[in-house]
Amino acid sequence: MVNEASRAAYARRAAEYIELLGSMTAVHPLDLQLVSTWARDVHGEIIDAGSGPGHWTNFLAEQGHAARGVDLVPEFVEYAKNTFPGVSFTLGSLDSLDAGTGSVGGILSWYSLIHYEPETIRIPLLEFSRALKPGGTLLVGFFEGQAVEEFAHAVTPAYRWPVDDLGTELNATGFDVLESHIRKTTGQRPLAALVARRRDAL
Ligand SMILES: C[S@@+](CC[C@H](N)C(=O)[O-])C[C@H]1O[C@@H](n2cnc3c(N)ncnc32)[C@H](O)[C@@H]1O
């Protein structure tokens, strides 16, 4: 249901999203540094989970990583395939990745969990945990806040999370949090990212 609402909302605004945010020139240099540094330590395939226009997937592929993108929105997947023909993009949900258990080295979930209702966020987190090999890492980008609360995101309602609360969810789904990053810039929503490592056992 939430998946369907997100799909429909992003499909309606895909062209606008691509225009505004769908290229590496729109990316903050600190984000570029964070994602590049994280990816350097990943061994094995990287899934860009919720790849949208595909620019991050392509960036990772250009850095020499075996990266592929998955997204719920056909308009994004088609755009990504046409724009980055050398990179693999598939239509799919974060709730059920096309990946063997323990087969993936890293998962980038860059602002792709933001629309999950808090009580459902463990569904994709458990799926990430299943797909990652022990020691594999997850990098999650999200909007930070004092409490878990809904806000009116431009595309469809989203949730901001305190770093500790999302950390608790990660802990409960088989991860140890390794790093947390918060960026507060005047006039912008606070942004955060967590790097978490898949434990040997859930
Ligand atoms: C805010 S956009 C971020 C896109 C891209 N990661 C970026 O940084 O530009 C959120 C993306 O997550 C995707 N998404 C949201 N829920 C999803 C789900 N359940 N399964 C797959 N993709 C999902 C949306 O289609 C959208 O492309």
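In listed order, ligands and their atoms are each counted from 1. These numbers come from the heavy atoms of this one structure, side chains and all, not from hydrogens, waters or symmetry mates.
- Of the protein's non-hydrogen atoms, the one nearest atom 10 (C) of ligand 1 is Tyr111 O, 3.4 Å.
- Applying the 4.0 Å criterion to heavy atoms of Trp56 picks out, from ligand 1, the atoms 8 (O).
- Aromatic rings of Phe84 and His55 (six-membered ring for Trp) have centroids beyond the 6.0 Å cut-off, not under it.
- Closest protein heavy atom to atom 8 (O) of ligand 1: Trp110 CD1, 3.2 Å.
- Side-chain atoms of Ser93 and Ser96 include no donor-acceptor pair closer than 3.5 Å.
- Atoms of ligand 1 found under 4.0 Å from any heavy atom of Val73, numbered from 1 in the order shown, are 25 (O).
- Of the candidates Leu72, Asp95, Thr120, it is Leu72 that places a heavy atom closest to atom 17 (C) of ligand 1.
- In this structure, atom 26 (C) of ligand 1 lies nearest to the protein heavy atom Asp71 OD2, 3.6 Å.
- Annotation: atom 20 (N) of ligand 1 to nearest protein heavy atom, Leu94 N, 3.0 Å.
- Between Ala158, Ala154, Gly92, it is Gly92 that holds the heavy atom closest to atom 21 (C) of ligand 1.
- Taking a 4.0 Å cut-off on heavy atoms, Pro124 fails to register as neighbouring ligand 1.
- Under 3.5 Å, the side chains of Thr101 and Arg130 contain a donor-acceptor pair of N or O atoms.
- Looking at ligand 1, you won't find any N or O of His153 less than 3.5 Å from one of its N or O atoms.
- Remark: distances from the non-hydrogen atoms of Asn3 to ligand 1 include one below 4.0 Å.
- Contacts between His115 and ligand 1, counted as non-hydrogen atom pairs separated by less than 4.0 Å, are absent for every part of the residue.
- Asp95 and Tyr116 share a side-chain donor-acceptor pair at under 3.5 Å.
- Near Tyr17, meaning under 4.0 Å from one of its heavy atoms, ligand 1 places the atoms 1 (C), 2 (S), 3 (C), 4 (C), 7 (C), 9 (O).
- At a 4.0 Å heavy-atom cut-off, ligand 1 touches Tyr10 through the side chain alone.
- Trp56 and Ser51 share no side-chain donor-acceptor pair at under 3.5 Å.
- Remark: the backbone N or O of Glu117 is paired with a side-chain donor or acceptor of Thr120 at under 3.5 angstrom.
- Between Tyr159 and Phe151, the distance from one ring center to the other does not fall under 6.0 angstrom.
- Taking every non-hydrogen atom of Tyr116 and a distance limit under 4.0 Å, the qualifying atoms of ligand 1 come out as 18 (C), 19 (N).
- A salt bridge links Asp176 with Arg199: at least one charged nitrogen is closer than 4.0 Å to a carboxylate oxygen.
- Between the Arg198 side chain and the Phe175 main chain, no donor and acceptor come within less than 3.5 Å of each other.
- Stacking of Arg160 on the aromatic ring of Phe143 is not recorded, the 6.0 Å distance cut-off and the 45° axial limit not both being met.
- The shortest heavy-atom distance from Arg7 to ligand 1 is not under 4.0 Å.
- Around atom 16 (N) of ligand 1, the closest heavy atom drawn from Ser93, Ala49, Gly50, Ser112 belongs to Ser112.
- Here Tyr17 and Phe76 bring their ring centres to under 6.0 angstrom of each other.
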